[in-house]
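Below is one structure, written out as structure tokens; the observations come after it.
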Amino acid sequence: MRQSRRLFVLAAALAAPLSFAADPPKVDPAITAAIDSPDRPAADKQRDEGRRPAIMLQFIGVKPGMSVIEYYATTGNTAELLSRVVGPKGKVYMQNPPSFYERPPGPDGVTTAKRVEDRLADNRLPNVVRLDKPFDDLGLPPKSVDGAVMNLIFHDMFYMTNNNVAPVLKNLYATLKPGGFVAVIDHSAPKGTGAQFALNPKGQHRIDEEFAKKMFEDAGFKLVASSDALRNPDDDRQKPFFQMPKGTYTDRFMLKFVKPKK
């Protein structure tokens, strides 16, 4: 309950257009330093207002020295933040399925592979390991990683695996150390819709929160925390994030699970 109250205070403080020039209240200094780093790309910082990284990272609870997987990291915005928080003694696995690199170039002609290469060029993020592996076969040793992050991508797994996500969670469970965590932040679908809003890549790109909880619990994980800090009660939960009216954001849930210690 105390963590939930802190996150509600933090959400209220950051409800206005965000500026991270000064420490937001109740945020770990390592998180603030990561967000404010002058070495972060300007394009990443331009996305902070909508993605609310201070709230997200504070909820996850990532700490210096941790090893963390970011699933479907795409071009690495969140992976870079995680890298800066875990520091030189930590490690971030920047996971993308090989199919990610088959996307056509963007409007600027730049491929996804080039964007990833540019982010990691010249060893600028030495604690980041590029992990081009399928969701359900990370190729990492069992019980070797402290935590995992699925930031606004759990819904993507359903259409990308033909609605066969259980093997993904089984592989993750095996990879995490006992007591390891997985944090899931995603766009909320209407209650009772299950994976319906996540099956079409041209659809709503949302997932039912209760359905997500059940999937992780069925895979052996235990829910230990949740937060309403990224909620938007005015969102009708019908539109994909890229069709939201300008200046508004999707209703998002945040869940944290752990692999029980045995």
Side-chain angles (χ1 to χ4, degrees), residues 1-20 23-28 31-32 34-35 43-62 70-74 77-78 81-82 149-159 182-216 223-257:
M1 292 295 292
R2 291 179 180 176
Q3 183 183 23
S4 179
R5 285 197 294 269
R6 288 198 298 269
L7 288 164
F8 276 118
V9 170
L10 178 59
L14 299 179
L18 301 184
S19 171
F20 295 107
D23 287 0
K26 308 293 185 182
V27 175
D28 188 286
I31 293 173
T32 302
I35 293 169
D44 286 7
K45 293 186 177 184
Q46 289 172 3
R47 303 179 71 188
D48 285 349
E49 182 177 342
R51 293 175 73 90
R52 308 291 177 95
I55 295 174
M56 178 265 293
L57 292 168
Q58 188 69 24
F59 174 76
I60 292 171
V62 64
E70 193 201 357
Y71 277 86
Y72 202 17
T74 65
N77 184 336
T78 301
L81 286 171
L82 292 168
V149 176
M150 299 180 182
N151 186 28
L152 305 178
I153 62 87
F154 184 55
H155 68 271
D156 290 311
M157 291 184 174
F158 288 83
Y159 70 81
V182 53
V184 183
I185 302 93
D186 219 331
H187 310 287
S188 303
K191 187 175 181 179
T193 56
Q196 178 183 339
F197 280 27
L199 297 176
N200 185 348
K202 297 182 179 179
Q204 296 96 335
H205 286 260
R206 293 172 179 263
I207 193 74
D208 178 1
E209 179 180 359
E210 294 304 315
F211 177 78
K213 287 180 185 177
K214 186 175 187 305
M215 283 210 69
F216 279 87
L223 180 67
V224 294
S226 63
S227 173
D228 292 337
L230 295 179
R231 292 292 190 187
N232 176 11
D234 295 326
D235 176 19
D236 64 8
R237 304 187 183 185
Q238 296 292 326
K239 295 178 288 294
F241 64 91
F242 48 83
Q243 289 182 5
M244 292 293 290
K246 186 176 181 180
T248 66
Y249 310 106
T250 57
D251 181 75
R252 302 172 199 170
F253 61 82
M254 294 196 291
L255 305 172
K256 186 174 183 179
F257 304 87

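We number each residue from 1, following the sequence as shown.
- By the side chain to side chain donor-acceptor pair (under 3.5 Å) test, Asp235 pairs with Arg206, sequence neighbours left out.
- Note that the OG atom of Ser227 and the CZ atom of Arg252 stand 12.5 Å from one another [nearest 0.5 Å].
- Here the CD atom belonging to Gln46 is positioned 11.0 Å from the CG atom belonging to Asn77, to the nearest 0.5 angstrom.
- For the pair Tyr72 and Met157, the minimum side-chain heavy-atom distance is 4.5 Å or more.
- In this view, Lys213 and Glu209, Glu210 satisfy the salt bridge (charged side-chain N to carboxylate O under 4.0 Å, His left out) rule, not counting sequence neighbours.
- When each of Leu81, Thr32, Asp28, Val149 is tested with Leu57 by the rule side chain to side chain contact (heavy atoms under 4.5 Å, CB included), just one qualifies, namely Leu81.
- Applying the ring pair (Phe, Tyr, Trp, His ring centres under 6.0 Å) test to Phe154 and every residue at least two apart in sequence or in another chain returns Phe158, Phe216.
- Going from atom NE2 of His187 over to atom CG of Asn232 covers 12.5 Å, rounded to the nearest 0.5 Å.
- Lys191 meets the side chain to side chain donor-acceptor pair (under 3.5 Å) test with no other residue; sequence neighbours excluded.
- For Arg237, the salt bridge (charged side-chain N to carboxylate O under 4.0 Å, His left out) partners two or more places apart in sequence, or in a different chain, are Asp251.
- Between Pro240 and Gly203, the shortest heavy-atom contact is CB-O, 3.6 Å.
- In terms of heavy atoms, Val27 sits closest to Gln58 at CA-OE1, 3.4 Å.
- The line from CE of Met56 to CG of Asp48 is 9.0 Å long, rounded to the nearest 0.5 Å.
- Here the CZ atom belonging to Phe253 is positioned 7.5 Å from the CZ atom belonging to Arg231, to the nearest 0.5 angstrom.
- Judged as a side chain to side chain donor-acceptor pair (under 3.5 Å), and not counting sequence neighbours, Gln238 has no contacts.
- At distances below 3.5 Å, not a single donor-acceptor pair connects side-chain atoms of Lys256 with backbone N or O atoms of Ala183.
- For Thr78, the side chain to side chain donor-acceptor pair (under 3.5 Å) partners two or more places apart in sequence, or in a different chain, are Asn151.
- Rounding to the nearest 0.5 Å places CG of Asp208 at 11.0 Å from CG of Asp186.
- Taking Asp234 as the reference, nothing meets the salt bridge (charged side-chain N to carboxylate O under 4.0 Å, His left out) condition, with sequence neighbours excluded.
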Under 3.5 Å, which donor-acceptor pairs link side chains of residues 193-201 to any protein atom two or more places apart or in another chain?
{"unit_1": "Thr193", "atom_1": "OG1", "unit_2": "Pro190", "atom_2": "O", "d": "2.6"}
{"unit_1": "Asn200", "atom_1": "OD1", "unit_2": "Lys202", "atom_2": "N", "d": "2.8"}

